[in-house]
Asks: 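Shown below is the structure under consideration.
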Amino acid sequence: VLSWNLLIKACSKSGQFGQCIELYVQMQRAGFEPDEFTLPCIINACAGLRSLPAGQAVHAQVLKSEQHSNLYINSALIHMYAHCGRIIHAKKVFDEMDDRDLVSWNSIVSGFMKEDGYEEALIVFSTMRFSDVEPNESTLSSVIPACGRLFKLHLGRAIHGEAIKLGDAMSGDVSVNSSLVFMYSKCRDMDSARRVFASIPGRNVVSWNAMLSGYAQNKQGNEAWNLFREMQMEGYEAS
RNA sequence: UUGCAACUC
């Protein structure tokens, strides 16, 4: 089973999701039971293919197996349903889980984000906080942009404050900081956006794009142009 | 050997 799992994972990594399904069928034909390592991979492949029928078939197998309360499998299922545009099903899996970990929460939050369910994402986030689960950089990178899209500057600031309290791993993270730049730009607080942007240690192309499109949206053409030139000087190409 | 996240497009 280990060899099959490694093979499936390798295909999944290179985006060969159809091949994953193929191997999955073959391994079962060869008499091997998919285990708790196989299933998350294969569910991810279904998500990659946006194949709801395949995803549902694997889900049905999961329910019949011993693995139906595995955290990895359930997070993968949430992710898969969200990817296939079935946030209702994703939420159902989430609600029916006996215990949830941080990734379960993050999966349902990002599921709502994918469907433009910004309000819902923030509601889930607040119940998550109420359940005493501490967010990580994935959580914040989903939830901060949600504030931006809803123009909730106060909430955004509050979450920014929380990120700082959570320490360096959080407040020094590129994704979190790029999200903050995006959120402040959307909320037209360009001073804060600029301040965060300037403080990002390992700025990447996403940080630059967030700042640039912020200027563009706020009709600050000159600032945008200057920044664009600066970006080129740091060796980034236009995108 | 397994699951989640940021901008633009």
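Being a predicted model, the structure only gives us computed values, none of them experimental. Throughout, a chain's letter reflects where its sequence line sits, starting with A, and its residues are numbered from 1.
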Asks: Between B:A5, B:C7, B:G3, spot the one nearest the side chain of A:Pro145, thanks.
Replies: B:C7
Asks: I want to verify a distance call: between B:C4, B:C7, B:A6, whose nearest atom is closest to the A:Ser178 side chain?
Replies: B:A6
Asks: So, is A:Lys9 near the phosphate of B:G3, with a side-chain N or O under 4.0 Å from OP1 or OP2?
Replies: yes
Asks: Looking at every strand, decide which applies to A:Leu71 at a 4.0 Å heavy-atom threshold: base, sugar-phosphate, or nothing.
Replies: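 The residue A:Leu71 makes base contact.
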Asks: Would you indicate what A:Ser138 reaches in the nucleic acid, counting non-hydrogen atoms under 4.0 angstrom: base, sugar-phosphate, or nothing?
Replies: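 It contacts base atoms.
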Asks: B:U2 P sits how many Å from A:Ile8 CD1, rounded?
Replies: 13 Å
Asks: For A:Val143 versus A:Ala121, what's the shortest heavy-atom pair and its separation?
Replies: CG2-O, 4.4 Å
Asks: Would you mind classifying the nucleic acid contact of A:Leu6 as base, sugar-phosphate or nothing, using non-hydrogen atoms under 4.0 angstrom?
Replies: sugar-phosphate
Asks: Can you check the A:Met128 CE to B:A5 C1' distance for me, whole Å?
Replies: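 Distance check: A:Met128 CE to B:A5 C1' gives 12 Å.
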Asks: As a test of reading the structure: which of B:U2, B:C7, B:U1 is closest to the side chain of A:Ser213, going by heavy atoms?
Replies: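 So the side chain of A:Ser213 is nearest to B:C7.
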Asks: Could you tell me whether the phosphate oxygens of B:C7, OP1 or OP2, come under 4.0 Å of any side-chain nitrogen or oxygen in A:Arg149?
Replies: yes
Asks: If you only use heavy atoms from C-beta on, which nucleotide in B:C4, B:G3, B:A5 is closest to the side chain of A:Glu137?
Replies: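 Nearest to the side-chain atoms of A:Glu137, counting from C-beta on, is B:A5.
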Asks: Specify the closest pair of heavy atoms between A:His79 and A:Ala47, including all atoms of both residues, with the distance to one decimal.
Replies: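 In this case the closest contact between A:His79 and A:Ala47 is ND1-CB, 4.3 Å.
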Asks: Taking NE2 from A:His83 and C1' from B:G3, how many angstroms apart are they, rounded to a whole number?
Replies: 13 Å
Asks: Any carboxylate oxygen within less than 4.0 angstrom of a Lys/Arg side-chain nitrogen, looking at A:Lys92 and A:Asp95?
Replies: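 No, A:Lys92 and A:Asp95 are not salt-bridged.
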Asks: Between A:Met113 (CE) and B:C7 (C1'), how many Å, whole number?
Replies: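 Rounding to the nearest Å, CE of A:Met113 and C1' of B:C7 are 12 Å apart.
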Asks: Using only modelled atom types and a 3.5 angstrom limit, is any donor from either the side chain of A:Asn204 or the base of B:A6 paired with an acceptor on the other?
Replies: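 Present.
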Asks: Could you pull out the closest heavy-atom pair between A:Leu166 and A:Pro135, with the gap in Å?
Replies: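 Where A:Leu166 meets A:Pro135 most closely, the heavy atoms are CD1-CG, 3.9 Å.
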Asks: Are side-chain N/O atoms of A:Asp116 and A:Tyr118 paired as donor and acceptor at under 3.5 Å?
Replies: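 Note: A:Asp116 and A:Tyr118 side chains meet the donor-acceptor criterion.
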Asks: Calculate the interatomic distance between A:Met27 atom CE and B:U2 atom P; express it in whole Å.
Replies: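 In whole Å, B:U2 P and A:Met27 CE are 15 Å from each other.
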Asks: Under 4.0 Å: is that the gap between some side-chain N or O of A:Asn177 and OP1 or OP2 of B:C7?
Replies: no
Asks: Could you state the atom-to-atom distance from NE2 of A:His79 to C1' of B:C4 in whole Å?
Replies: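 About 7 Å, once rounded to whole Å.
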Asks: Could you tell me the separation between the CG atom of A:Asn136 and the C1' atom of B:G3, rounded to a whole number of Å?
Replies: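 Taking atom C1' of B:G3 as the reference, CG of A:Asn136 is at 13 Å.
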Asks: B:U2 P sits how many Å from A:Leu7 CG, rounded?
Replies: 15 Å
Asks: Base, sugar-phosphate, or nothing for A:Ser179, non-hydrogen atoms under 4.0 angstrom?
Replies: sugar-phosphate
Asks: Return yes if the base of B:G3 and the side-chain atoms of A:Asp101 contain a donor-acceptor N/O pair under 3.5 Å, otherwise no.
Replies: yes
Asks: Report yes if the ring of A:Phe37 lies under 5.5 Å from the six-membered base ring of B:U2 with planes under 30°, and no otherwise.
Replies: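 Whether judged by distance or by angle, A:Phe37 falls short somewhere, so it does not stack on the base of B:U2.
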Asks: Could you pull out the closest heavy-atom pair between A:Gln67 and A:Glu36, with the gap in Å?
Replies: OE1-CB, 3.5 Å
